[in-house]
Trainee: 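Attaching a single structure in structure tokens format; questions to follow.
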Amino acid sequence: MNIGLREWLIVIGIIVIAGILFDGWRRMRGGKGKLKFKLDRSFSNLPEEDETPAELLGPPRVVNRNAEPRVEDDDLPSMTARDPGKRRVSEPRQGDLNLTTDEPVPTLLDPVADDIEAEEEEKDQSPVEEVLVINVISRDASGFRGPALLQNILESGLRFGEMDIFHRHESMAGNGEVLFSMANAVKPGTFDLDDIDHFTTPAVSFFLGLPGPRHPKQAFDVMVAAARKLSQELNGELKDDQRSVLTAQTIEHYRQRIVEYERRQMTIKR
């Protein structure tokens, strides 16, 4: 069979068209693969379907628009804050002294307990060398009335006890060693709680004996505070042990007596 030029051109044209179609088909198929590969990489960073939105967005927040704003304790200003530029000399406080904060707490198994007990026994047996006295004399002719006097000294932490007088212990609750005491300035110096409603006295006496409390300077400051409170609230006048007006110089002199006493004690122990 003789094939002419016309037939060869037709065959060649068919081959070229077929090649063009095949090449186009191959390109289209290859583009879909790349597109799928890009889409797979894009979705690989997304969470799995079983992850809940709560895990992605955090726990839901419920906002109650009608609720009043809550103020935390830390947001409240301190009622005891003072301006550093207006600081004044600190006054003795009526609260618990907490004098043993930095000291070991004695127990039945602690030898320190025996030492403290021995010191207490020694104090009971030792004669009193120094007595610091603050008298509070009523300005009213009727004197201090029993109910008002009792209320005032109870607020200062004094408690009725031995010898039928009042004592101030380390704790306002009446626990711990005795810091100082308060007696009736009228002989025999006692108080009758059973008849306190009808009781009156022209004066009372606060006194602190040495040897006495382990921290006499702090105990004396608390005694001064209690005497001042009584004189201010019940219209009294502060007097020293000579019945002279109690001045700032007198109080400082009392403190110096305590310092001198402690110095003598240190010298004796050496």
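Note that this is a predicted model, so its numbers are computed, not measured. Atoms considered below: every heavy atom in the structure, side chains included; atoms not considered: hydrogens, waters and symmetry mates.
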Trainee: Which ILVMFWY residues are connected to Ile268, directly or by a chain of links, through side-chain heavy atoms under 4.5 Å apart?
Mentor: none

Trainee: Please report the closest heavy-atom contact between Leu179 and His169, naming both atoms and the distance.
Mentor: CD1-O, 3.6 Å

Trainee: By side chain to side chain contact (heavy atoms under 4.5 Å, CB included), which residues pair with Pro147, not counting sequence neighbours?
Mentor: Arg145, Asp197

Trainee: Atom CZ of Phe166 and atom CG of Leu149: how far apart are they, to the nearest 0.5 Å?
Mentor: 7.0 Å

Trainee: For Arg264, check salt bridge (charged side-chain N to carboxylate O under 4.0 Å, His left out) against everything at least two apart and list the hits.
Mentor: Glu130

Trainee: Can you name the nearest heavy-atom pair linking Pro216 to Leu208, along with the distance?
Mentor: O-CD1, 4.1 Å

Trainee: Please identify each residue that fulfils side chain to side chain contact (heavy atoms under 4.5 Å, CB included) with Asp195, with sequence neighbours left out.
Mentor: Asp192, His198

Trainee: Please enumerate all residues that pass side chain to side chain contact (heavy atoms under 4.5 Å, CB included) together with Glu162, with sequence neighbours excluded.
Mentor: His167

Trainee: Measuring from atom CD of Glu260 to atom CD of Glu262, what distance do you get when rounded to the nearest 0.5 angstrom?
Mentor: 10.5 Å

Trainee: Drop me the distance from Leu210's CG to Glu129's CD, to the nearest 0.5 angstrom.
Mentor: 8.0 Å

Trainee: From Phe207 CZ over to Phe180 CZ, what is the distance, rounded to the nearest 0.5 angstrom?
Mentor: 10.5 Å

Trainee: Apply ring-ring contact (aromatic ring centres under 6.0 Å, His included) to the pair Phe191 and Phe160, showing each step before the final yes or no.
Mentor: CA-CA 9 Å; Phe191 298 91; Phe160 189 73; 7.4 Å; no

Trainee: Restricting to salt bridge (charged side-chain N to carboxylate O under 4.0 Å, His left out), what partner residues turn up for Glu252, sequence neighbours left out?
Mentor: Arg255

Trainee: Look up atom CD in Gln218 and atom CD1 in Ile258, then write down how far apart they are to the nearest 0.5 Å.
Mentor: 9.0 Å

